Amino acid sequence: MKKLYLIGGTMGVGKTTVCQILKKKLDKAVFLDGDWCWDADPFLVNEETKEMVMDNITHLLNNFIRCSAYENIIFCWVMHEQEIIDRILSALDLRNCDVKVISLVCGEEALTKRLEKDVRHGIRQLDAIERSVGRIKLYDKLNTIKVDVSKISAEETAEIVSVI
């Protein structure tokens with residue numbers, strides 16, 4: 001049986017870093033970051049682009065599920081609404097998958113410090129802090145396993161996720 005990890009969390013919480021570590025930690029693993037499926041300039045959010053990104057994500061995930069080379073499929077994206085998670089899952093062939101839906105959560109102070117570091121290094125714009133902090137509470141409403149990463153490293157987080 002394959003394992004599919006859907007890992008959500010607000011911007012800057014550490015999803016990509018944790019998933020890259022997890023990919024190396026798990027056997028026969030493949031990783032898809034949802035942001036790679038919608039990396040455009042200008043970045044446009046409308047009904048057409050929302051449909052496109054969902055199709056891109058589910059197409060790639062289904063290909064990974066069908067591919068015998070992989071046992072562990074890791075996907076991360078912001079996924080701040082239950083509808084997004086449900087829509088992705090409903091489009092996947094999960095007959096031979098153990099699905100783990102996880103939200104990485106973080107306190108406002110810890111998240112702000114992480115994002116400020118990203119801003120200093122030119123990885124994010126300053127407005128990302130307010131937008132990301134504003135989404136923290138949305139994760140409380142989701143039907144996911146919550147992992148609080150406020151006081152733990154990405155390596156520790158990957159270890160926790162690997163045994164869920």
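Both backbone and side-chain heavy atoms feed into the values below; hydrogens, waters and symmetry mates do not. This structure is a prediction, so every number in the text was calculated from the model and none was measured.
- Although no hydrogens or angles enter the test, the distance criterion places no donor-acceptor pair under 3.5 Å between the side chain of K23 and the main chain of N72.
- Heavy-atom minimum distance, V53 versus C37: CG2-O, 3.7 Å.
- A salt bridge links E159 to K25: one of the charged nitrogens lies within less than 4.0 Å of a carboxylate oxygen.
- Checked by atom type and distance alone, the side chain of H59 never pairs as donor or acceptor with a backbone atom of D55 at under 3.5 Å.
- Between I21 and A158 the shortest heavy-atom distance is CG2-CB, 3.5 Å.
- When all heavy atoms are compared, the tightest approach of K50 to V45 is CE-CG1, 3.7 Å.
- Counting only heavy atoms from C-beta outward, the side chains of T49 and W38 approach each other to under 4.5 Å.
- Taking OG1 of T16 as the start and CG of D33 as the end, the distance is 4.0 Å to the nearest 0.5 Å.
- Rounded to the nearest 0.5 angstrom, L26 CG and F31 CZ are separated by 12.0 Å.
- To the nearest 0.5 Å, atoms CZ (F75) and CD1 (I102) are separated by 13.0 Å.
- With Q82 contributing its side chain and K141 its backbone, the two residues share no donor-acceptor pair below 3.5 Å.
- The only member of T112, V119, D118 that meets side chain to side chain contact (heavy atoms under 4.5 Å, CB included) when paired with E116 is T112.
- Here the side chain of N62 pairs a donor or acceptor atom with the backbone of T58 at under 3.5 angstrom.
- Across every non-hydrogen atom of L142 and H80, the tightest pair is CD2-O, 3.9 Å.
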Original post:
For K2 and N96, what are the C-alpha separation, side-chain angles and deciding distance, and is it a side-chain contact (heavy atoms from CB on, under 4.5 Å)?
Top reply: CA-CA 6 Å; K2 293 184 181 234; N96 295 310; 5.7 Å; no
**OP:** Take I164 and V147 through the test side-chain contact (heavy atoms from CB on, under 4.5 Å) and record every step on the way to the result.
**Re:** CA-CA 10 Å; I164 289 177; V147 177; 4.0 Å; yes
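- I73 is not listed as a side-chain neighbour of Y5, based on a closest heavy-atom distance of 4.5 Å or more.
- One distance of note links CD of Q20 with CD1 of I74; it measures 8.5 Å at 0.5 Å rounding.
- Side-chain contact between I160 and I152 is present, with at least one heavy-atom pair separated by less than 4.5 Å.
- Within 6.0 Å of CD on Q125 lie no more than 12 heavy atoms contributed by other residues, nucleotides or ligands.
- Remark: Y139 engages no residue in a ring-ring contact (aromatic ring centres under 6.0 Å, His included) (not counting sequence neighbours).
- The NZ atom of K100 sits 13.5 Å away from the OG1 atom of T144 when rounded to the nearest 0.5 Å.
- Not a single donor-acceptor pair under 3.5 Å links the side chain of K28 to the backbone N or O of E71.
- The backbone N or O of S132 lies less than 3.5 Å from a partner atom in the side chain of T10, making a donor-acceptor pair.
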Subject >> Chi angles and distances behind the side-chain contact (heavy atoms from CB on, under 4.5 Å) call for M54, E51 >> reply: CA-CA 5 Å; M54 292 302 278; E51 287 299 317; 5.5 Å; no
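- With salt bridges taken as basic N to acidic carboxylate O contacts below 4.0 Å, none links D148 and K146.
- Rounding to the nearest 0.5 Å gives a distance of 5.5 Å between CG of L32 and CZ of F64.
- Between E109 and K113, at least one side-chain N (NZ, or NE/NH1/NH2) sits under 4.0 Å from a carboxylate O, which counts as a salt bridge.
- With contacts defined as side-chain heavy-atom distances shorter than 4.5 Å, the pair L60/W36 does not qualify.
- In this structure, G12 and L115 approach most closely via the heavy-atom pair CA-CD2, 3.7 Å.
- Listed for the S150 side chain is a donor-acceptor partner under 3.5 Å among the backbone atoms of G107.
- Between V13 and C106, the shortest heavy-atom distance links the atoms CG2-CB, 3.6 Å.
- The 12-atom threshold is exceeded at CG of N46, counting heavy atoms of other residues, nucleotides or ligands nearer than 6.0 Å.
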Original post:
Do L89 and L94 pass the side-chain contact (heavy atoms from CB on, under 4.5 Å) test, and can you show the C-alpha distance, the side-chain angles, and the key distance before you say yes or no?
Top reply: CA-CA 8 Å; L89 289 173; L94 301 173; 4.0 Å; yes
